[in-house]
Amino acid sequence: MYDRQSFISELEKRNPGEPEFIQAVSEVLESVIDVVNDDPEYLNANILERITEPDRVFMFKVEWENDEGEVCVNKGYRVQFNNSIGPYKGGLRFHPSVTLSTMKFLAFEQIFKNSLTTLPMGGGKGGSDFNAKGKSDTEILRFCRSFMTELQKYIGPETDVPAGDIGVGSREIGYLYGQYKRLRDENSGVLTGKGRNWGGSLIRPEATGYGAIYFADEVVKAQNETLNGKTIAVSGFGNVAWGACIKATELGAKVVAISGPDGYVYDKAGVSTKEKWDYMLELRASNNDVVQPYAERFGAEFFPGKKPWELKVDIACPCAFQNELNRADAEALIKSGVQYVVETSNMGCTTDAVNLFLNKKIPFGPGKAVNAGGVAVSGLEMSQNSLKYSWEAEEVDAKLKRIMKDIHEACVTDGTDAGGYINYVKGANIAGFRKVADSMLDLGY
Ligand code: 2IT
């Protein structure tokens with residue numbers, strides 16, 4: 001039998017100085033411990049020790065030259081956590097906050113998220129502490145070339161397929177894919193999130209944000225409501241926030257806030273026109289990492305240094321960063337009557353914030369379910385690459401919608417408590433875990 005506390009103490013001993021990784025494991029453990037303790041097969045197989053240990057971790061040096069001709073050094077990572085149900089799959093994050101702990105938490109989350117998509121993908125993650133802010137296009141090109149020169153040793157279309165994440169968009173994927181092709185001379189779709197002209201899938205740029213709102217739509221429907229007329233506070237202003245704003249508007253909701261590291265914008269009229277969405281992309285591409293110019297451009301209000309969780313909205317939708325919504329933010333949202341929380345960033349809420357929402361019986365969709373649409377369409381990009389074919393946007397979008405509906409259904413099946421409250425955290429963790437754990441049993445050790 002597993003004991004929660006002693007398992008986590010052992011885990012901390014084996015993985016010192018990795019708070020994000022411990023947090024991610026603790027949250028999954030909380031949901032699955034009873035399932036494991038009730039199953040002699042899981043217990044006999046030491047499944048929890050095995051599923052919390054990555055298959056392998058690569059850490060490497062990335063040397064590159066800046067525009068002043070100086071040689072710079074960054075850390076590079078690829079964590080291959082679990083490939084029981086398919087090749088390692090997960091994004092690359094370029095951000096100064098990247099450490100081994102963040103890479104391991106993200107790779108661990110990815111295992112269960114990918115399992116939920118119903119597609120055959122294992123869990124992995126990678127990245128670098130490279131800070132893109134203020135870098136020129138040629139600096140980014142040189143960094144990507146150098147990063148891929150090392151990374152290409154560890155990845156492959158049947159073994160490990162990276163994609164983008166924070167700091168890695170279509171431009172970076174292009175430079176990375178170009179270098180892979182230069183070195184390996186193959187067009188095998190080793191990355192996803194590729195450009196349309198060279199093997200990418202339609203709807204991949206939109207997929208994470210669209211998927212999140214499809215999931216939100218299912219969550220409100222389960223309460224006999226619709227998104228129509230609901231107000232939403234979104235954090236972030238990158239690719240995920242962009243897709244969420246578009247789909248929320250299409251479904252009749254109004255996104256009244258977006259944010260950046262510099263503060264948040266309150267746009268009473270709604271982030272609801274093509275001009276505004278295009279401007280978000282422009283702002284993101286400028287590499288300055290500030291959202292304030294949006295407020296100036298569209299006559300919206302800007303609140304420097306603040307988070308949008310102080311607003312009164314029906315739905316909170318964190319789309320930016322891990323632990324961006326803490327207990328005090330959760331208290332403020334609850335006080336002003338928030339009805340739903342749709343966590344779209346990976347581990348966007350602190351553990352105490354999540355527990356507060358669950359205790360108050362507020363429907364709370366966890367990141368690994370809500371944001372799974374991104375990697376799901378990456379999986380569909382892999383399918384299209386294998387077929388040497390490409391599907392119409394409508395076909396990909398319909399598959400994405402179906403997948404998000406199925407993920408919601410899985411959460412309801414495994415997460416509904418005796419009183420009828422749907423604990424999406426528990427549901428997502430149990431459903432994601434079971435498929436991987438059962439596969440591990442089937443495959444032996
Ligand atoms: O966190 C994520 O799921 C991603 N960054 C997307 C991963 C992918 O392989 O598309």
Side-chain angles (χ1 to χ4, degrees), residues 20 24 77-83 85-95 97-98 102-128 151 155-157 159-170 172-173 176-177 189-195 199-212 215 236 238-244 318-322 324 343-348 365-385 396 399-400 403-404 407 428 432:
E20 292 87 358
Y77 301 87
R78 186 69 185 168
V79 176
Q80 298 181 336
F81 217 118
N82 189 302
N83 66 350
I85 65 172
Y88 304 106
K89 180 84 196 87
L92 299 170
R93 176 176 292 192
F94 292 172
H95 193 270
S97 65
V98 162
T102 46
M103 292 286 97
K104 281 174 68 181
F105 115 67
L106 288 161
F108 183 72
E109 288 272 298
Q110 200 81 39
I111 304 168
F112 307 105
K113 180 197 308 192
N114 293 4
S115 162
L116 286 169
T117 66
T118 68
L119 302 172
M121 299 181 288
K125 199 85 186 189
S128 172
L151 183 71
I155 61 175
T159 51
D160 184 356
V161 182
D165 192 82
I166 294 169
V168 180
S170 54
E172 289 76 16
I173 291 292
L176 291 163
Y177 196 63
V190 72
L191 302 179
T192 61
K194 298 186 293 299
S201 174
L202 288 169
I203 306 293
R204 178 64 189 88
E206 293 86 352
T208 314
Y210 277 22
F215 194 88
N239 164 266
V240 178
W242 166 80
C319 291
F321 213 67
Q322 67 263 17
E324 58 173 306
E343 182 191 58
T344 307
S345 35
N346 289 308
M347 210 166 74
K368 65 170 76 70
V370 173
N371 73 31
V375 74
V377 174
S378 276
L380 299 177
E381 184 171 326
M382 289 166 73
S383 310
Q384 292 168 82
N385 291 162
V396 180
K399 286 182 163 63
L400 168 64
I403 287 169
M404 298 316 296
I407 296 175

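Ligands are counted one by one from 1 in listed order, and the atoms in each one are counted from 1 as well.
- Neither the backbone nor the side chain of Glu381 has any atom closer than 4.0 Å to an atom of ligand 1 (non-hydrogen atoms only).
- In this structure, Arg93 forms a cation-pi arrangement with Phe321, its terminal cationic atom sitting closer than 6.0 Å to the ring centre and no more than 45° off the ring axis.
- Remark: ligand 1 atoms within the under-4.0 Å shell around heavy atoms of Ala163 are 8 (C), 9 (O), 10 (O).
- Protein heavy atom nearest atom 5 (N) of ligand 1, with residue, atom name and distance: Asp165 OD1, 2.9 Å.
- A cation-pi geometry, defined here as NZ or CZ lying under 6.0 Å from the six-membered ring centre and within 45° of its normal, holds between Lys194 and Tyr177.
- Protein heavy atom nearest atom 7 (C) of ligand 1, with residue, atom name and distance: Gly91 N, 3.5 Å.
- Residue Asn346 touches ligand 1 through its side chain alone, judged by heavy-atom distances below 4.0 Å.
- The protein non-hydrogen atom at the shortest distance from atom 2 (C) of ligand 1 is Lys113 NZ, 3.2 Å.
- Scanning the protein for heavy atoms near atom 10 (O) of ligand 1, the closest one is Ser378 OG, 2.5 Å.
- Annotation for ligand 1: atoms under 4.0 Å from non-hydrogen atoms of Lys125 are 1 (O), 2 (C), 4 (C), 5 (N).
- Ranking the protein heavy atoms by distance from atom 6 (C) of ligand 1 puts Arg204 NH2, 3.6 Å first.
- When non-hydrogen atoms are compared, ligand 1 lies under 4.0 Å from neither the backbone nor the side chain of Lys368.
- Residue contacts with ligand 1 do not include Glu109, since none of its heavy atoms lies under 4.0 Å from the ligand.
- Heavy-atom proximity to Lys89, at under 4.0 Å, picks out these atoms of ligand 1: 8 (C), 9 (O).
- Taking every non-hydrogen atom of Gly164 and a distance limit under 4.0 Å, the qualifying atoms of ligand 1 come out as 4 (C), 5 (N), 6 (C).
- Under 3.5 Å, the side chains of Gln384 and Ser201 contain a donor-acceptor pair of N or O atoms.
- Residue Met121 places no heavy atom under 4.0 Å from ligand 1.
- Taking a 4.0 Å cut-off on heavy atoms, Gly193 fails to register as neighbouring ligand 1.
- Residue-level proximity to ligand 1 for Gln110 is carried by the side chain, the only part with a heavy atom below 4.0 angstrom.
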